[in-house]
Amino acid sequence: MGAAYLERALDRAGLLEPTSRAYNSVLRYRNGATLATEVGGLTARFYTESAPEYAHVRNFWMDDLGGERAVLERFLADLVPEDVVYDVGANVGTYTCFAQQVVTEGQVHAFEPHPENAARLADNVRETGDRGVTRIHRVAVSSDSGRISLAVGGGVVGKGTHNVLDNGESSIPVEAERLDTCIEEHGLRRPDVLKIDVEGAEDRVLEGAEETLEGARLVYVEVHPQHGVSLNGVESRLEDAGFAIEPMEVRGSQPFLRASRSGE
């Protein structure tokens, strides 16, 4: 069967165009492919090395950032150029890559323990345009510092299902740091704004960040009740730290909270 015959057959079946697109996409993966996306007038670029990774990133953006676009837009609108931002659970850099374009006179500290995600995070910071404000910390953030197990799920870089919970999944050892200790030991500037997305470890992060929260004006946190986290408990912890709570989007069963100091 010749190529011309196959082309005509695909055309008659209405499959020629999608087949051609898929074939051209596969060719791109030989040297990697980069996808660009826009949020709030800013453009970030995300590098991929395989067809499954490309499809995951593309579908994530086509799905309105997994239902999170409105949260990210609000987050970016809250930032000012001088801010210090902590992206806790940075994954491959969705928040970091946009935030680094806003805080041009500040800093972004991205915390991501999974080795492959952290490597891709570095790729995406560079692809988007590293302005020298971003620092990547390849550690988990928890209530205590030390060696812990990170449960890994899914075989595609960037899938945000990794967690530090004891749920019987396969795991890898990673370093964990308590935010208060990390800031003191590494001489970091305290954050003005925190974003926390840690797949069920929200309470652990907040427990280890009591002093850190004192200087923050905003906290964005995604709560994961399916991992046993109490929404009321997270809200109470933030309210005790002096924040007012504003519920935001709910992605599936996972609500996002915006916690602000009075007047913000």
- Item | From CA spacing to verdict: side chain to side chain contact (heavy atoms under 4.5 Å, CB included), F256, E68 | CA-CA 9 Å; F256 238 106; E68 210 169 313; 3.4 Å; yes
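- With rounding to the nearest 0.5 angstrom, the CD1 atom of I183 is 10.0 Å from the CZ atom of R178.
- Residue L206 holds its CG atom at 10.5 Å from OG of S143, rounded to the nearest 0.5 Å.
- K195 is not listed as a side-chain neighbour of V88, based on a closest heavy-atom distance of 4.5 Å or more.
- Residues I196 and E222 are not in side-chain contact: their nearest non-hydrogen atoms beyond the backbone lie 4.5 Å or more apart.
- With rounding to the nearest 0.5 Å, the separation of CG in D87 from CZ in F98 is 12.5 Å.
- Checked by atom type, the side-chain pair E177/S145 shows no donor-acceptor distance below 3.5 Å.
- I136 and V102 end up in different hydrophobic clusters when Ile, Leu, Val, Met, Phe, Trp and Tyr side chains are linked at under 4.5 Å.
- Of the inter-residue distances, the one linking T181 atom OG1 with E211 atom CD reads 8.0 Å to the nearest 0.5 angstrom.
- Contact of the V223 side chain with the P225 side chain is registered, since non-hydrogen atoms from C-beta on lie closer than 4.5 Å.
- Under a hydrophobic-cluster definition in which Ile, Leu, Val, Met, Phe, Trp and Tyr are linked whenever side-chain heavy atoms come within less than 4.5 Å, directly or via other members, L238 and L179 are assigned to the same cluster.
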- Does the pair V193 and D78 meet the rule for a side chain to side chain contact (heavy atoms under 4.5 Å, CB included), with working shown? CA-CA 9 Å; V193 180; D78 276 333; 5.9 Å; no
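- Counting heavy atoms from C-beta on, the side chains of V103 and V84 never come closer than 4.5 Å.
- One side chain, Q107 or H109, offers a donor N or O that lies under 3.5 Å from an acceptor on the other.
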- Where do R45 and L35 land on the side chain to side chain contact (heavy atoms under 4.5 Å, CB included) test, with the steps shown first? CA-CA 6 Å; R45 302 179 68 84; L35 293 90; over 6 Å; no
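- When all heavy atoms are compared, the tightest approach of P115 to I172 is CD-CD1, 3.6 Å.
- The two atoms that bring I245 and A259 nearest to each other are CD1-CB, 3.8 Å, heavy atoms only.
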- Item | Test side-chain hydrogen bond (donor to acceptor under 3.5 Å, both in side chains) applied to T43 and E38, step by step | CA-CA 4 Å; T43 299; E38 181 271 333; over 6 Å; no
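- Under a cut-off of 6.0 angstrom, the local environment of CD in E184 is sparse, with at most 12 non-hydrogen atoms contributed by other residues, nucleotides or ligands.
- Residues R217 and L79 approach most closely at NH2-CA, 4.2 Å, considering heavy atoms.
- Between Y220 and the choices F75, Y95, Y86, the ring pair (Phe, Tyr, Trp, His ring centres under 6.0 Å) rule is met once, by F75.
- Side chain of E202 to backbone of V221: no donor-acceptor contact under 3.5 angstrom is found.
- Shortest non-hydrogen contact noted between L194 and P191 is CD1-CG, 3.6 Å.
- Closest non-hydrogen pair, P113 versus A140, comes out as CB-N, 3.4 Å.
- For L231 against P255, the heavy-atom pair with the smallest separation is CD1-CG, 3.9 Å.
- Checked for salt-bridge contact, E127 and R120 miss the test: no charged N lies under 4.0 Å from a carboxylate O.
- For the atom pair NE2 (H227) and CG (D203), the distance works out to 13.0 Å, reported to the nearest 0.5 Å.
- Using modelled atom types, no side-chain atom of S260 and backbone atom of L218 make a donor-acceptor pair closer than 3.5 Å.
- Annotation: side chain of C182 is in contact with side chain of F111 (closest heavy-atom distance under 4.5 Å).
- Distance CD/E53 to CZ/R58: 13.0 Å, rounded to 0.5 Å.
- A single hydrophobic cluster is not seen to contain both V57 and V125; linkage of ILVMFWY side chains at heavy-atom distances under 4.5 Å, directly or through other members, places them apart.
- Figure legend: R261 and F243 shown as a cation-pi pair, the cationic atom lying under 6.0 angstrom from the six-membered ring centre and within 45 degrees of its axis.
- Between the side chain of N124 and the main chain of V92, a donor-acceptor pair closer than 3.5 Å is present.
- Salt bridge annotation for E112-R138: absent, with no cationic side-chain nitrogen under 4.0 angstrom from a carboxylate oxygen.
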